[in-house]
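The next block holds one structure in the form of structure tokens; read it before the comments.
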Amino acid sequence: MSFEQFEKKDFDFNQFEKEFQEFDDYNVSDMSSKDVSKQTDKKENESLNKTGSLNGENKNLNEGNENLEEAYGIVTTGVEPIEIAGNGSKIIGYIAATQREKVRLGTYVIVPYENENLFGKFTKLQYRQEFTVDDATEIHSNRMLANKRDSLTAAGGRNRINEEDYKLLATIEPICILYEKNKKEGLQRRMADRIPKPNTPIMPVFDKEMVQTGLNIPKVGIFLGHLSVGGELVKTHSTPPTVAYYMRNDYSSGDPLIFRHMLVCGSTGTGKTFLTKNILRQFETENSRYRQRSDHSIQNMPCLVVMDPQDEYSQLYEDNTLSDADKFNFDSEKVAYGGIRNAKTFTAKVDGERYAGKSRAEQVEFTIPFSFVQYNPWILETAELTENQRNGLEILIADYFKDAKTKGKTASYVGFKEFVEDPFNKEYYTEQTDKIHESSYGGIVRKALNKTYERIFDKDAKPITELFKTVFKPGQVSVFPTEYINNSRIRDLIVLTMMTVIVDNKLNTSGDEDVKNTPIILVLDEAHRYLSSSAGTLSGKIISKFAEAAKQGRKEGLGLFLITQDPQDIETEILKQVNTKIVLNLNNDAAINAVKVPSEYEKRIPYLKKGQMIIHSPDNGDIVEITGLSNCVVKHE
């Protein structure tokens, strides 16, 4: 229809409308999206056939991207300009209608250049109206409901929303640029310093190496789980298709990360113990060897020392029932499985208590000698003691050990009790020397001389100080269960004693050589009970001692593995030293704030399902979401 014809009014308006509708964008949507996609793909694939790659230069880098039917959509300037800046970027993608169900917040994508790829993720999703219309009207509402009813009938009951009036836009956050200098160096990454071209396809990432390089996560190490987004596993074209997340466990970039410490936190019932067993099993392999402190040419497997309040970790000794498919996948991703045969259960001998728990491993009884108190007087310092009473108790302990040595007697709790209750000694300290006020002395007798201590010190078993060679052995799991003990003070005393034994011998130059030269991973369940300044039986001395141990752990071969449901209760000085934080579901705001993850991940924490977790390990790679194994690699009941 020419302009001259229009001017002469020599035309049929109905015919004009019919011809125009062939080019109407609104009616183009009546074509099936599949037909439109085929036409687009045909042109793109012709270009691919000519160039040999998506943009013509780097076939290997873009391998797996040639099937444009997989594209989520295209980079567009139709909404806002494309920007890459030092303080923020703005890349908007239009998501094709056929791909909208696949898109999730956090989905990883690549946008190809001529010979490189922009690696990023979706950080914002929004619908906008396709046309300048008001969808808050009765007419529009009736049309949408009618379309919905028609689609239900036509699709045999499938409920689809008609999206022809809307466009889905996704904001892409650039993470890095992926490039390949040469085959020898392989895939590399650098900061996002290039701007993608308009209408470039936005592709899913099906190459495992691209994902690992893009997120800067190791390709080998301690297996923690599989990369996921919104609870769904990231899938690639590899076998198996999942992307394993490993924690760095060698000296290629400094000390192994376990010596920068780990934290597993989650509410009750979120799978902390299940996950912890799977992780701990990975440390007891031939590939997990660490330098001996005195001679770096010697490398040993670590000793796992587990403080076990629920009698669950002794099952590290036993196999779990696994299918052939499980074993194939574990072998493919270098996941260690099967019980650790070199495991022992150490039980404290306590009057009136007997261990009859789950452990099938070798059981070794021990006692805590009172001589241990000489250099750790805080063991007897209960929370009820005042500052004056604590000072008085330390004077009495020091003088008692001097007196016992002078008289050639073996120090014992019974002997110390008799020493304090002796009327002549009381008179000496309270009246003759005024070293201790009479009221403070009376408080010490009432509060510190407790029958609880008589039940545990100097029992008929080998002292723990004589079992160092048995407990601290490379490649061994040494489990200390406490569930069988009814008295909470005794349970705490056992755990604190073992913590002190390890820390003192690791940090002191005169420490026991078996402890100093053995790489130790100290696993502390219910860590908030022992590493909180508000803990009832804990003094500031053990806190400061552990904070120092956390700082020096790297060079001393001591890794802390803390497990808790209340991370906010762990002393800040210790929590700050933890590099790898594994966060499962937490529904307490104080707990969520304590783990200090970026806000976009912080919001997800209350919605994590069992087995889902956020991994925040700055020295290992970008913060990501992963999903743990569905089966335990050792027995778990």
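Please read these numbers as outputs of a predicted model, since none were measured by experiment.
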Would you name the heavy atoms of [X] and [Y] that are closest together and state the gap between them?
| X | Y | answer |
| --- | --- | --- |
| Asn278 | Asn631 | ND2-O, 3.6 Å |
| Ser314 | Val479 | N-CG1, 4.0 Å |
| Ser617 | Tyr245 | CB-OH, 4.1 Å |
| Leu575 | Ala594 | CD2-O, 3.7 Å |
| Leu322 | Cys632 | CD2-O, 3.7 Å |
| Ser267 | Lys272 | O-NZ, 3.3 Å |

What's the verdict on side chain to side chain donor-acceptor pair (under 3.5 Å) for Asn249 and Ser288, showing C-alpha distance, side-chain angles and the deciding distance? CA-CA 7 Å; Asn249 196 42; Ser288 294; 3.1 Å; yes
Near [X] [atom1], under 6.0 Å, is it more than 12 heavy atoms from other residues, nucleotides or ligands?
| X | atom1 | result |
| --- | --- | --- |
| Glu438 | CD | no |
| Lys610 | NZ | no |
| Lys459 | NZ | yes |
| Lys435 | NZ | yes |

Excluding sequence neighbours, so at least two apart, what forms ring-ring contact (aromatic ring centres under 6.0 Å, His included) with Phe330? Tyr337
Determine whether Glu625 and Ser228 satisfy the following criterion, side chain to side chain donor-acceptor pair (under 3.5 Å), listing intermediate values before the conclusion. CA-CA 6 Å; Glu625 174 195 324; Ser228 60; 3.0 Å; yes
Is the ring centre of Tyr484 less than 6.0 Å from the ring centre of Tyr355?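 Yes, ring centres under 6.0 Å apart.
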One thing to verify: whether [Y] and [X] come together as a salt bridge, which I'm taking to mean a side-chain N less than 4.0 angstrom from a carboxylate O.
| X | Y | value |
| --- | --- | --- |
| Asp504 | Lys545 | yes |
| Asp311 | Lys358 | no |
| Arg260 | Asp255 | no |
| Glu353 | Arg455 | yes |

Show the numbers, then the answer: is there a side chain to side chain donor-acceptor pair (under 3.5 Å) between Thr367 and Asp460? CA-CA 7 Å; Thr367 187; Asp460 184 20; over 6 Å; no
Take Asp619 and Arg248, measure what salt bridge (charged side-chain N to carboxylate O under 4.0 Å, His left out) needs, and give me the verdict at the end. CA-CA 9 Å; Asp619 288 348; Arg248 187 168 55 76; 5.5 Å; no
Tyr413 and Tyr453 aromatic ring geometry - parallel, tilted or perpendicular at 30°/60° bounds: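 Aromatic pair Tyr453/Tyr413 classed tilted.
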Passes side chain to side chain contact (heavy atoms under 4.5 Å, CB included), Leu584 versus Leu608? Steps please. CA-CA 7 Å; Leu584 293 95; Leu608 295 172; 5.5 Å; no
Test side chain to side chain contact (heavy atoms under 4.5 Å, CB included) on Val595 and His616; report intermediate values, then the result. CA-CA 9 Å; Val595 295; His616 188 31; over 6 Å; no
Could you check whether Arg604 makes a cation-pi contact with Tyr607, meaning its NZ or CZ is under 6.0 Å from the centre of the six-membered ring and within 45° of the ring axis?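 Output no; distance or angle outside limits.
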Partner of Phe370 under ring pair (Phe, Tyr, Trp, His ring centres under 6.0 Å), picked from Phe419, Phe416, Tyr375, is Phe416
Counting C-beta onward and ignoring hydrogens, is there a side-chain heavy-atom pair between Gln282 and Val335 closer than 4.5 Å?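 Of all side-chain heavy-atom pairs linking Val335 with Gln282, at least one is under 4.5 Å.
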Heavy-atom side-chain contact between Tyr313 and Val477 under 4.5 Å: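 SC-SC contact between Tyr313 and Val477 ruled out.
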Report the C-alpha separation of Thr518 and Gln476 in whole Å, then their side-chain angles, then the decisive distance to 0.1 Å, and conclude whether the side chain to side chain donor-acceptor pair (under 3.5 Å) test is met. CA-CA 10 Å; Thr518 301; Gln476 179 171 289; over 6 Å; no
Of the options Arg341, Arg360, Arg281, which is the one that meets Glu318 in a salt bridge (Lys or Arg N to Asp or Glu O under 4.0 Å)? Arg360
N/O donor-acceptor pair under 3.5 Å between Asn508 side chain and Ser510 backbone: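 Not confirmed, Asn508 side chain does not pair with Ser510 backbone.
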Examine distances only and state if a side-chain atom of Asn620 and a backbone atom of Tyr246 form a donor-acceptor pair shorter than 3.5 Å. yes
Under the side chain to side chain contact (heavy atoms under 4.5 Å, CB included) criterion, do Phe457 and Val414 qualify, and how do the steps go? CA-CA 9 Å; Phe457 284 120; Val414 173; over 6 Å; no
How far apart are the C-alpha atoms of Ile436 and Leu396, what are their side-chain angles, what is the distance that settles it, and do they pass the side chain to side chain contact (heavy atoms under 4.5 Å, CB included) test? CA-CA 9 Å; Ile436 304 172; Leu396 292 172; 3.8 Å; yes
Within the 3.5 Å criterion, strictly below it, is a donor on Thr276 or Glu312 matched to an acceptor on the partner's side chain? no
Worked verdict on Phe283 versus Tyr290 for ring pair (Phe, Tyr, Trp, His ring centres under 6.0 Å): CA-CA 11 Å; Phe283 286 105; Tyr290 309 113; 7.1 Å; no
